[in-house]
Every structure is written in structure tokens, then in C-alpha cells.
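Input: a single structure, listed below in C-alpha cells.
Chain naming here is simple, since letters A, B, ... match the order of the sequence lines and numbering starts at 1 in each. Values below: every heavy atom of this structure, side chains too, minus hydrogens, waters and symmetry copies.
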Amino acid sequence: MHHTENDKKRANFSALNPINGAIVKTTTTGKPGDVKKIIIKNMKSYPSIPENFEETTWNQLRKAVIAIQTSTPIEYSLECLCQAVSHMCEDKMDSQLYVNLTALVEKHVKANIVPFLSESGDKLVYLKKMNDYWQSHCQQMIMIRSIFLYLDRIYVLNNPTVHSIWEMGLELFRDHIAMNNLVQTRTVEGILILIEKERRGDTVDRSLLKSLLRMLSDLQIYRDAFEQKFLMATKHLYQAEGQAKMEELDVPDYLQHVDKRLNEEEERLEHYLDGCTRHQLIVTVERQLINEHVTGILQKGLDQLLEENRLNDLTRLYKLFCRVKNGTTELCAHFNAYIKKKGRTIVIDPEKDKSMVQDLLDYKDKMDNIVNVCFEKNEKFGNSLREAFEYFINQRSNKPAELIAKYVDMKLRAGNKEATEEELEQILDKIMVQFRFIHGKDVFEAFYKKDLAKRLLVGKSASVDAEKSMLSKLKQECGGGFTSKLEGMFKDMELSRDINFAFKQSMQNSEHKELQNIDLTVNILTMGFWPTYPVMEVTLPQELLQYQSIFNKFYLAKHSGRKLQWQPTLGHCVLKAQFDAGPKDLQVSLFQALVLLLFNYNAAISFEEIRTAVVIEIGELKRTLQSLACGKARVLTKIPKGREVENTDNFHFNNEFTNKLFRIKINQIQMKETTEEQKATEERVYQDRQYQIDAAIVRIMKMRKTLSHNLLITELYKQLTFPVKPADLKKRIESLIDRDYMERDKDNQNQYNYVA
Amino acid sequence: STGVLLTENMNNNGTGSKELCGGMGGPQALLSDNDLNKLFESYKDTQEDAILSEGIERLCGDLGYKPDDFAILVLAWRLDASQMCQFTKAEFIQGLQRMNAASIEDIRARLQQIVERLRTDSTEDFKSLYRFTFRFGLEPGHRILSLDMAISLWRLVFTVHTPDILQRWLDFLEQHQHIRGVPKDTWNMFLNFVETCDIENYDDTEAWPSLFDDFVDYERERTGRIAQVKDDSGGEPPPDHSDYNGS
């Protein structure tokens with residue numbers, strides 16, 4: 001019985017029985033409901049109270065309490081003492097008993113302060129002494145309470161203003177020990193010194209800290225006496241540390257250090273600090289180690305982390321910055337600035353044009369990966385990434401659009417074996433992402449169209465599926481208006497196939513037997529869908545002329561009212577040639593073929609004779625002869641020898657020509673495409689833009705009749721899909737005023753009127 | 001469309017002349033056609049039925065002016081001459097009728113009056129002269145004034161009350177010989193520009209012709225450079241630029 005009772009009491013003593021924190025607070029209500037009843041046997045007569053009952057009984061009790069306080073044996077049994085208490089209570093001496101007990105405890109507690117006031121030696125010893133005294137005080141109070149249990153139950157319960165014995169003990173301890181200025185200062189300072197030691201890396205007695213802090217909590221002075229000072233100390237420590245470490249460490253190391261510190265503080269909370277300190281403690285650390293250095297960290301280290309793709313460090317950076325206000329906003333802004341700065345170097349330098357598109361794709365992959373892996377796919381960062389790309393890619397006008405078009409051409413051209421269909425599809429998707437950023441999509445279209453035409457006409461396209469896929473992507477992105485001409489080109493190719501099939505059938509049934517050993521394939525290109533090609537007049541051999549006129553008749557019979565214009569620059573032929581070493585197929589351009597066919601009649605011909613015979617433009621003819629006589633496959637011999645073709649040169653058929661292959665492709669020497677042709681394409685785009693601006697202005701003015709300058713400009717920016725400067729728009733407006741499409745209002749110089 | 005323009009101008013001049021000659025001459029019918037015809041004949045070209053360069057030079061001499069004097073531009077305006085170096089018979093006779101002048105002395109007196117009037121206060125009249133000057137300077141069939149001609153005519157037309165900014169404007173044009181020419185709108189707007197605007201408060205988002213944007217950019221950069229030189233040299237402005245400090 002004694003044991004069980006004692007156990008129950010002990011449950012109220014949290015410091016000894018740390019099952020959980022809540023118990024600490026339950027001391028006031030800790031009255032076990034199932035108190036063992038003391039069974040008193042019936043007496044024969046109602047006992048009378050001895051005269052000196054109160055005095056003697058209190059004496060007994062007093063002795064017992066003093067024995068407890070002095071850790072000496074008690075001469076009375078617990079049962080007897082309990083009985084004494086209950087007797088006194090029943091005889092209405094309860095309040096006096098409570099007063100006496102309080103006085104007794106108070107006297108003892110008061111006396112015990114003495115050792116804590118003397119000159120303190122070692123802090124740790126002092127703390128231990130304090131802790132020991134606290135522990136013994138608690139134990140004493142538990143024992144006292146077990147004796148005065150009846151008083152606690154009956155008297156205290158019935159008098160709400162009276163503290164329970166346990167609380168009375170705490171209160172006396174607080175008032176006389178803990179609230180003593182000197183004692184409190186020494187104790188709290190001691191605790192803070194211990195914590196600081198631990199923060200500096202020493203091992204300290206955590207259970208001592210835990211016990212003392214619990215003491216402060218139990219005495220309800222944790223906040224006032226300790227927490228404020230503790231947080232101040234924390235702030236000062238980390239303020240200094242933050243500044244020092246920022247100087248001393250690299251950003252990745254600094255971040256690691258911050259991470260470590262935060263973990264340590266969490267551990268501290270787990271082991272000895274009161275949970276109520278958590279929020280303020282963590283905020284203090286975050287503020288001093290992160291908030292204060294947001295800009296410093298970003299300026300000092302972000303670029304390098306991004307540059308070196310340090311995913312782990314970036315993840316840590318992001319997670320730490322998430323903890324503080326504006327952290328991610330600042331990070332995002334610096335991330336954005338880095339992308340723009342670095343991206344600009346990719347697009348701005350003409351020296352790097354060759355690798356620009358691949359670099360852009362790689363760069364985007366890398367940044368995407370960082371957003372996905374390190375920045376938790378944060379939408380804000382994703383949007384910022386796109387904005388930055390769009391910004392820097394348009395820092396250089398036209399070129400990125402042109403190079404993206406060329407890159408697609410390279411991927412879609414036959415002979416590109418580096419990618420499977422699936423990989424190609426992925427590449428095209430990524431290209432479309434870049435394409436989306438480009439403002440001058442018309443530049444892309446112009447170059448794309450030129451390359452597509454080449455692929456289609458020379459039969460160099462790698463895969464119809466891939467072509468169609470790219471086309472549908474462009475359509476999805478820019479709408480049908482953008483792709484209608486490109487689609488028209490594909491349609492032309494399909495229709496041409498049908499027409500050629502029908503034409504060949506009609507040839508078989510015709511009387512032109514002499515032409516049947518020549519195979520003619522014609523692509524009919526709708527003007528306007530295709531790029532414009534220069535018209536060149538050349539003299540064709542009789543057979544071809546005849547063939548052309550048959551085709552003309554055949555085609556126009558089916559499609560009357562159309563006009564066919566032959567484009568000799570785009571033609572190519574396969575010629576059968578007989579050399580000493582055997583027969584060969586020569587795959588050549590039409591111009592090359594025209595020159596070679598001349599040698600059917602003469603073994604040796606002069607340059608001038610060739611020129612008179614074929615009437616090809618002189619520069620083109622020189623390049624053609626160069627390809628046949630000075631290139632890799634020299635089916636003609638030039639006299640005198642040399643790399644350049646002169647007007648005085650002579651050529652003869654090279655009978656000794658040999659080659660491993662049966663079919664030989666002789667490449668036409670291209671004009672430097674990169675300069676002239678490219679400039680021409682750009683110029684066309686520029687011209688086209690001017691027409692589009694003019695058309696848009698007239699369209700708007702026609703609808704609105706009269707409009708202020710600023711509204712017109714705003715409206716134009718809404719309608720135009722390519723980048724244009726306000727000054728350019730002004731020039732077009734001036735030009736239209738000058739051409740009487742519109743006029744300036746007579747009274748309001750900022751207003752224009754439409755001129756019908 | 002030239003015909004339309006002409007009629008318009010005639011109307012303008014009609015009202016203008018009434019105002020200008022108010023109370024001085026009687027109705028036009030008082031002038032003798034004979035006198036005017038005689039005057040015309042005395043300057044007329046031997047071949048064509050018009051006064052050409054040689055006649056104009058003589059006429060100017062008789063009036064006591066040089067052919068490139070402001071007063072002669074005013075005369076061309078009053079006669080509503082359709083092109084330079086030529087007065088047709090109709091222009092000459094109808095113009096003098098409107099001016100109410102039948103002799104060299106009359107013409108000289110009227111021109112002095114009109115020039116004086118323009119010098120003091122007649123914004124609408126000056127605007128009319130200004131706009132006339134553009135058309136007057138065009139080569140037949142052209143829509144745009146050549147840069148050199150525009151510079152000369154600007155200098156000439158602003159002989160009376162010269163705007164502060166004119167010299168800088170002409171300097172700018174002379175520095176930029178690649179400018180293709182001056183279209184009518186730009187010519188007309190320049191008068192608005194000198195009347196209502198200056199370099200300081202110029203706003204290129206307004207509907208000013210783009211040539212003014214370039215001019216203002218050029219001027220701002222130039223004066224910025226001067227200001228810099230000024231700062232470098234310790235605050236004393238270079239004397240040859242001191243006249244820009246006021247604007």
C-alpha cells in the first residue's frame with residue numbers, strides 16, 4: 001500500500017519521473033482519485049480529545065518533517081502520521097495545521113539559501129549544487145505530502161485559494177531561492193555558459209542542463225529569467241559568426257555550416273530546451289545566418305554554383321532560402337540575372353555562331369534540370385527561366401532565328417544518322433521551345449522555307465514523318481497562317497508525283513519514241529509558296545526543249561490558264577558516261593549536264609565556245625567548269641591546269657577518268673551562301689516587314705478613320721508579330737502620309753485621319 | 001491634285017490680300033488690264049508666254065532686290081507662283097490684281113508693307129507663306145524637297161523672326177547628308193516644332209516626324225558632351241557655345 005501510494009505521488013514529481021512534459025503542469029490537480037481508504041475499526045465509545053492533543057500531535061508531525069528535511073530517520077510510522085493528520089483535520093485544526101506546515105517548510109527553505117550566496121567558485125559546481133538542492137527539495141516535498149495527504153485532499157480541495165502542498169513547496173522555493181537576484185543570475189549565467197560551451201563544440205552535461213531548465217519551467221520563471229537572455233546570447237553569437245564565416249568560407253561551405261547549426265539547435269530543443277522556445281530560437285538563427293546575408297550569399301556564390309552545376313549545394317541553398325522571408329524572391333531574381341548574363345554570351349558573339357543552337361539547347365537543359373531538381377519545380381523559377389531566355393535570345397536580332405532554322409534543316413536532312421526517330425522527335429520538341437522565345441519568327445520562316453525547298457527538291461529529306469511532325473508543331477505554335485505556304489510546298493510535291501506518273505504513262509503511248517530513253521521528272525512549284533529563285537536563260541539541248549514543250553502541252557491541257565516557268569537553276573540530271581575504264585553514272589546539276597553534253601560532239605572545246613553554246617551566266621559557268629575540271633571528280637581536263645577558270649582556257653573530255661564508285665555525284669560549287677544569299681533572305685524579311693507594317697497601319701486607319709498617334713502605335717504593337725522599334729513605325733507612318741494614304745489632322749498634330 | 005492645291009491657295013490668298021490691302025486700294029476692276037499686260041510684256045521671255053529667269057532677274061533689279069531676297073519669296077507667294085524661276089502670265093496678272101499693284105513702284109510699296117506686316121504680327125499669314133514655300137521649292141513632279149533646297153528655303157523663309165533653334169537645325173541637316181529629303185509633313189511640322197516645342201521638353205512618343213527625333217537625340221548628345229567638357233574645364237562654358245546655354 002505504501003508503495004502504490006508513493007508511486008502515485010511520484011507521478012506528480014515530474015523532475016524525477018520524466019514520462020512526459022505535461023505532468024509538470026499537473027501538480028495542482030494531481031490528486032489521485034483512488035486513495036486507499038484507511039479503515040478504522042468501530043470504537044466502543046466516542047473518543048474524547050485529549051487536552052493537549054493538538055500540541056502533541058503537531059509535535060509528532062513537526063519532528064517527522066524536520067527528520068525529512070534533515071534526512072534523519074523518522075520515529076513514527078507513516079501510517080501513524082497520516083492518522084494524526086487526518087485526526088487534526090477532522091477536529092477542524094486543518095487550517096492551523098496548514099499554516100504551521102507552511103511556516104516549517106518556509107523556515108527550512110529560507111535557511112538553505114546560505115550556501116548559494118557565498119562566493120561562488122566553479123560555475124559547474126554551483127549548478128550541480130543547485131540541481132542537487134532542487135532535487136532534494138522536490139523529494140522532501142513528496143515525502144511531506146505523503147504524510148499530509150489528508151490535508152491536501154480535504155482542506156486544500158475545499159479552499160480554492162489555498163495552494164496544494166506541492167505548489168506551496170514550489171512557491172517557497174521560487175520566492176526564497178530562485179527569485180533571489182544573485183542566485184538567479186548565477187544560475188542562469190551558468191546555464192548560458194554551458195550552452196555556449198556546447199555551441200563551441202565542447203561536450204557538456206546535457207542532463208544537468210535539462211534538469212535545471214525544467215526547474216525554471218516548474219517554477220514558471222523559464223521565460224522571464226532565462227529565455228530572453230538565451231535568445232539575446234544566441235543572436236549575438238550568430239551575428240558575429242555569420243559575419244566571420246561569410247568572410248572566411250566559400251558559399252557552399254557556409255551553407256553547409258548554416259545547415260549544421262540549424263540541426264544542432266534542433267537537437268538542443270530536443271534534449272534540453274523547452275519546446276516553447278523553438279520558434280523564436282530557429283527564427284533568430286535563420287535571421288542572423290541567412291536573412292542578413294541573402295544578398296551576400298547570392299552575389300558571392302550563386303553564379304559559381306550555377307556555372308559548375310553544383311546540384312547539391314543549389315538544393316541546400318534553395319531549402320535554406322525558403323526558410324526566410326523574400327529568400328526565394330531574391331534567389332529567383334539573381335537566377336534570372338545569371339541566365340540573362342550567361343545567355344547573352346551564347347548568342348551575342350558571331351565567333352560562336354556555329355555552336356549557338358546546340359549551346360542554347362544544352363543551356364536550357366541544364367537550367368531546367370536545376371529548377372526541377374534543386375528548386376522543387378517552383379513555378380516562379382520556371383516562369384523566370386522562360387522570361388530570361390526570351391529576353392537574352394532576342395538581344396541579337398535575326399541570327400538566332402536563322403541558326404535555329406538551319407539547325408532544324410541539319411537534323412531533318414538525309415544522312416543524319418545520329419538520332420533515331422524518337423530522339424529526333426525530342427530534339428524537335430526542344431527546338432520548338434527555343435523557337436517560342438524568338439520574336440522575329442518571320443526570319444525563321446524565311447530560312448526554314450529556303451532549306452525545306454532544298455530538301456524537297458533534291459530529295460534530301462530524311463523522313464516525311466519528321467517533316468510533317470515539325471510542320472504540325474509550327475502550326476500549333478504559330479497558327480495556320482504561318483505554315484500555309486510550307487504546307488503548300490508539301491502539297492506541290494505530292495501533286496507533282498501524280499502529274500509525273502500520268503505524264504510518264506502518256507509518254508509511253510505517244511509517238512515520241514526517240515525521247516523514251518530519257519527520263520524526265522518535273523516538280524511543279526506554286527509561285528508564292530516557294531522561295532523566289534533567279535530566272536536564268538540557258539540554251540537547252542534539242543531533246544530537252546522538245547521534252548519541255550511536250551510537258552507544257554500535257555500540263556496546260558489539264559490546267560488551262562496557268563503559266564509554267566522553267567527554273568534551270570533547280571534542275572539536276574543523271575548522265576550515262578563511257579570512260580576508258582568503263583561506264584559511269586554521273587549525278588550532276590542541270591548546268592553541269594549542259595556543259596558535259598557538249599562533249600558528245602567535240603572532244604575539246606574552248607571556254608568561249610562553251611559559253612556561246614550554253615549561254616550560262618559567266619560566273620555560274622566558271623563555277624560549273626571548276627566543279628567538273630578542278631574538283632574531286634575531274635571528268636574534264638582543263639588546259640592549262642590551275643584552280644581558277646579563265647576565259648582563255650580550253651577543256652577536253654577526260655577519258656582516263658577512274659573512280660571506285662559506279663554512280664558519282666559531282667557537287668556544284670556553291671556561291672558563298674553565308675554572305676550573299678543570306679543577306680538576300682534577310683533583306684526579303686525586312687522588306688516583308690515593311691509591307692506588313694504599312695498594311696497594318698492602313699487596315700487600322702481604314703477601320704478607325706481617325707486615331708491619335710499613341711493609340712495607333714499601341715494598336716500596331718498589338719497586331720504586329722515581329723519586333724519593331726517605335727521609330728520604325730513612325731517612318732512608315734510618315735511614308736504613308738507622304739503617299740496620301742492618311743493625313744495629319746489640321747487642328748491636332750497628334751492625330752491622323754484616313755484618306756479614302 | 002496640283003490643281004486642287006492651287007485653288008485652295010488662291011482662296012487663302014484672296015482673303016489674305018483683302019486683309020493686307022485693307023482700305024488701301026479700290027476694287028480690283030480699277031486696275032487697268034492694259035497696264036498689267038504692258039508690265040508683263042516688259043519682262044516676258046522672248047519664246048514662252050511667261051516671265052523666266054532672265055525676266056525675273058530684271059524685275060528684281062528694278063524693284064531693288066536680289067533674286068534670293070526674302071521680299072522676292074513674298075512676291076512669289078503673293079503671285080502664287082507654281083514653281084521657281086517662272087511667273088506665268090495668269091499668275092503675274094491675277095497676282096498683281098490681288099495685290100492692287102500696277103507698277104514697279106506699287107509692287108515695291110506693297111512688298112514693303114507685307115514684309116513689315118509679317119515682321120510684326122501675322123501668324124496665319126506667315127503659316128500660309130511657310131506652306132507655300134515648300135510647294136514653291138519642289139521640282140516639278142516631285143513630292144519631296146531635296147535636302148539642299150530645304151536648307152536654303154528654311155533659311156530664307158525664316159528671314160523675319162528667325163527661331164532660336166534654326167541654326168542648330170540647319171547644322172544638323174548639313175551634318176547628315178544621307179537624309180533623303182524633306183517630305184511635306186515634316187516641312188509643315190517644323191513650324192509647329194519651333195512654335196510649341198524645344199529640345200528640353202521634346203517627347204519622342206508624340207507624333208513628331210522621326211527626323212525631329214534624330215535631331216533632338218543629336219542635340220542632346222552634343223550638348224551633353226559640351227556640358228561634360230564644361231565640367232571638366234572647371235565650369236566655364238566654351239565661349240562659342242554659350243548661346244546654347246539659354247535653351
Does the pair A:D738 and B:I144 meet the rule for a side chain to side chain contact (heavy atoms under 4.5 Å, CB included), with working shown?
CA-CA 9 Å; A:D738 202 43; B:I144 292 182; 3.7 Å; yes
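- For the atom pair NZ (A:K725) and OG (B:S210), the distance works out to 12.5 Å, reported to the nearest 0.5 Å.
- Crowding of A:Y741 atom OH: a count of heavy atoms from other residues, nucleotides or ligands under 6.0 Å not exceeding 12.
- Only the side chain of A:E734 comes within contact range of chain B, with heavy atoms under 4.5 Å apart.
- Of the two parts of A:N750, the backbone and the side chain both hold a non-hydrogen atom closer than 4.5 Å to a non-hydrogen atom of chain B.
- Within a 6.0 Å sphere centred on CG of A:N710, other residues, nucleotides and ligands contribute more than 12 heavy atoms.
- A salt bridge is absent between A:K731 and B:D213; no separation between the charged side-chain nitrogens and carboxylate oxygens falls under 4.0 Å.
- Atom OH of A:Y717 has more than 12 neighbouring heavy atoms from other residues, nucleotides or ligands inside a 6.0 Å radius.
- Counting heavy-atom neighbours within 6.0 Å of A:Q687 CD, excluding the residue itself, gives a total above 12.
- For the pair A:H709/B:E206, no side-chain contact is recorded, criterion being any heavy-atom separation below 4.5 Å from C-beta on.
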Take A:K730 and B:T205 through the test side chain to side chain contact (heavy atoms under 4.5 Å, CB included) and record every step on the way to the result.
CA-CA 9 Å; A:K730 249 188 194 182; B:T205 63; over 6 Å; no
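- Ranked by non-hydrogen atom pairs under 4.5 Å with chain A, the options B:D214, B:D185, B:T196 are led by B:D185.
- Nearest heavy atom pair, residue A:Q749 against residue B:W208, reads NE2-CH2, 3.1 Å.
- Counting heavy-atom neighbours within 6.0 Å of B:E48 CD, excluding the residue itself, gives a total of 12 or less.
- Within a 6.0 Å sphere centred on NZ of A:K705, other residues, nucleotides and ligands contribute more than 12 heavy atoms.
- A distance of 8.0 Å separates CZ of A:R744 from CG of B:N192, quoted to the nearest 0.5 Å.
- Counting heavy atoms of neighbouring residues, nucleotides and ligands inside a 6.0 Å radius, atom CD of A:E351 does not exceed 12 of them.
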